Amino acid sequence: MPAPQSAHHNVVVIGGGNAGLSVAGRLRRYGVSDVTVIEPRENHLYQPMFSHIAGGTAAPGMAVRRQASVIPRGVGWIRDRVETIAPDTNTVMLESGARVTYGQLVVCPGIQKNWNAVPGLADAMATPQGVSNYELEYAPKAWQVLSSTRSGTVVFTQPAGPATCAGAAQKPMYLACDYWREQGVLADIRVVLVVSSPTLFGMPMIDRELERKVAEYGIEVQYSSELVEVDAQAKTLVIAGVGAYSGSGGVSRRSLSYDVLHAVPPQSAPDWIASTGLAAVAGNVRDDGDTTGFVDVDPLTLRHPRYPNVWSLGDAAATTNSKSGGALRQQTLVLAKNLAAALAGKPLPERYNGYSVCPFTVSRSSVVFAEFDDRYQPKPTIPFWRGLAKERRLTWVADRYVLPWVYWNLILKGRA
């Protein structure tokens, strides 16, 4: 049997999603040579479109392109899976047995979705009543089920702890409610939303807009709660109070029968990061929870505090911001410019400002556009125009049509 191959690259990027490809494209634009991405998947997915697919406002094919077709020009691609990293020897070990050494390493494999963390949840997703907008395989099923529902109880859940664009759990709910209202059946459907926080989002101006839509649709909200158990056969679930928000220290449990369950799984850093020595130390509390296991970084420069040739961004990084694809707009620019400066022996010129964004599709033609920093303070793209956070048709057009075009044609090439 031949010995596993080995290779060396100036810059190795782990992860070929939004973060990995956009930062690789920027590095090439800044003149950095020999940039290679490690990514096992054959297809590239535009995850913000999953909510539109689950809500019936987009076709599944609009979220998928061949990975080979979106790799930025001049960037290499190793189609393999990472097993671990040895940062002391600048080595990445791959599932195939190959080893890749690097001069600089960017770690951005995304977040891990833990469907088995809630007893019975994985089994529920295998039934006709279990759906989600957090996996492409479940999103088309979600719209088939939601659009055919005419009565009963439909439960939407949002997990506690770190999650990628946690507010996306609410998007198919608003799209479905608007559809049910159009069909004249909304009054016959009990819609329940389970959120782990004491408010719908955490910014007063956004909470007011979402509370208005919740009242308009007659949605019942279970605040400071999370899904802890599902019995798929009996079509029942258990929700419990989140002690960190309730302040009581006790955990109340209550059962609820459902006809449809739209669930978002608990999420965490990929398990293999823990073995690398790159993970954030215990006690780092960021992004609404203990993010131990995520890649440790200086939240301003995105550089690892113990290994100066290691960087991280996106959902896998222990940054202070709310995790979202929109946060990468600033992060890729900061990281690419700082890494290029480090290669040239210059001081790091950029600082990440904690920006993140969550467009809430609150109807089939309008969006509430939440832009904020790591303290949940408004951070509008257009300075001083806080009115962008109001429900608007304009932001629906941007979210549904403009941003996907920008993503495929500019962001993944490192140009936006």
Side-chain angles (χ1 to χ4, degrees), residues 11 13-15 17-24 26-27 30 85 87 104-112 160-167 197 201-203 244 267-270 273-274 276-343 346-358 370-381 411 414:
V11 179
V13 179
I14 296 175
N18 182 349
L21 294 191
S22 55
V23 79
R26 281 191 183 274
L27 287 169
Y30 298 158
I85 303 165
Q104 300 284 324
L105 179 68
V106 181
V107 186
C108 47
I111 204 164
Q112 179 174 284
T164 181
C165 199
S197 54
F201 184 65
M203 291 175 63
Q267 293 160 56
S268 66
I273 291 177
T276 65
L278 298 176
V281 297
N284 254 352
V285 179
R286 297 172 177 169
D287 192 21
D288 299 330
D290 185 352
T291 60
T292 302
F294 291 86
V295 180
D296 203 4
V297 290
D298 180 327
L300 299 178
T301 66
L302 305 180
R303 192 181 207 174
H304 198 279
R306 300 186 299 280
Y307 296 96
N309 65 336
V310 176
W311 313 74
S312 186
L313 75 164
D315 291 346
T319 48
T320 57
N321 63 284
S322 178
K323 299 182 185 298
S324 75
L328 293 171
R329 194 179 81 184
Q330 296 291 331
Q331 289 184 6
T332 55
L333 183 148
V334 168
L335 193 154
K337 286 192 172 183
N338 284 346
L339 193 156
L343 285 173
K346 299 178 180 178
L348 307 189
E350 297 292 332
R351 297 291 183 270
Y352 173 49
N353 62 9
Y355 174 89
S356 193
V357 60
C358 185
E371 294 183 289
F372 50 101
D373 63 17
D374 52 1
R375 296 170 297 165
Y376 278 74
Q377 296 300 309
K379 196 78 175 177
T381 300
I411 289 175

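In this chain, residues are counted from 1 in sequence order. This structure is a prediction, so every number in the text was calculated from the model and none was measured.
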Under a 4.5 Å cut-off applied to non-hydrogen side-chain atoms, are [X] and [Y] in contact?
| X | Y | result |
| --- | --- | --- |
| Ser356 | Asp373 | no |
| Tyr352 | Asn321 | yes |
| Gln331 | Thr319 | yes |
| Ile85 | Val310 | no |

Quick one: [atom1] on [X] to [atom2] on [Y], what's the gap to the nearest 0.5 Å?
| X | Y | atom1 | atom2 | value |
| --- | --- | --- | --- | --- |
| Lys379 | Gln330 | NZ | CD | 8.0 Å |
| Leu302 | Leu333 | CG | CG | 10.5 Å |
| Leu348 | Trp311 | CG | CH2 | 5.0 Å |
| Ile273 | Leu278 | CD1 | CG | 8.0 Å |

Determine whether a donor-acceptor pair (N or O, by modelled atom type, separation under 3.5 Å) exists between the side chain of [X] and the backbone of [Y].
| X | Y | answer |
| --- | --- | --- |
| Ser312 | Val107 | yes |
| Arg351 | Leu300 | no |
| Lys323 | Ala317 | yes |
| Asn338 | Glu350 | yes |

Between [X] and [Y], what is the shortest heavy-atom contact and its length?
| X | Y | answer |
| --- | --- | --- |
| Met203 | Tyr376 | CG-O, 3.2 Å |
| Tyr307 | Gly277 | CE1-O, 4.0 Å |
| Asn18 | Gly325 | ND2-O, 3.9 Å |
| Ala341 | Pro349 | CB-CD, 3.6 Å |
| Ser322 | Ala327 | O-CB, 4.3 Å |
| Ala269 | Gly293 | CB-O, 3.2 Å |

Checklist entry - Under the side-chain contact (heavy atoms from CB on, under 4.5 Å) criterion, do Ile111 and Phe294 qualify, and how do the steps go? => result CA-CA 9 Å; Ile111 204 164; Phe294 291 86; 4.2 Å; yes

Item to check | Within 6.0 Å of CZ in Arg306, more than 12 heavy atoms from elsewhere | outcome: yes

Item to check | Partner set under side-chain hydrogen bond (donor to acceptor under 3.5 Å, both in side chains) for Thr164, not counting sequence neighbours | outcome: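 For Thr164 the side-chain hydrogen bond (donor to acceptor under 3.5 Å, both in side chains) partners, ignoring immediate neighbours, are Asp315.
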
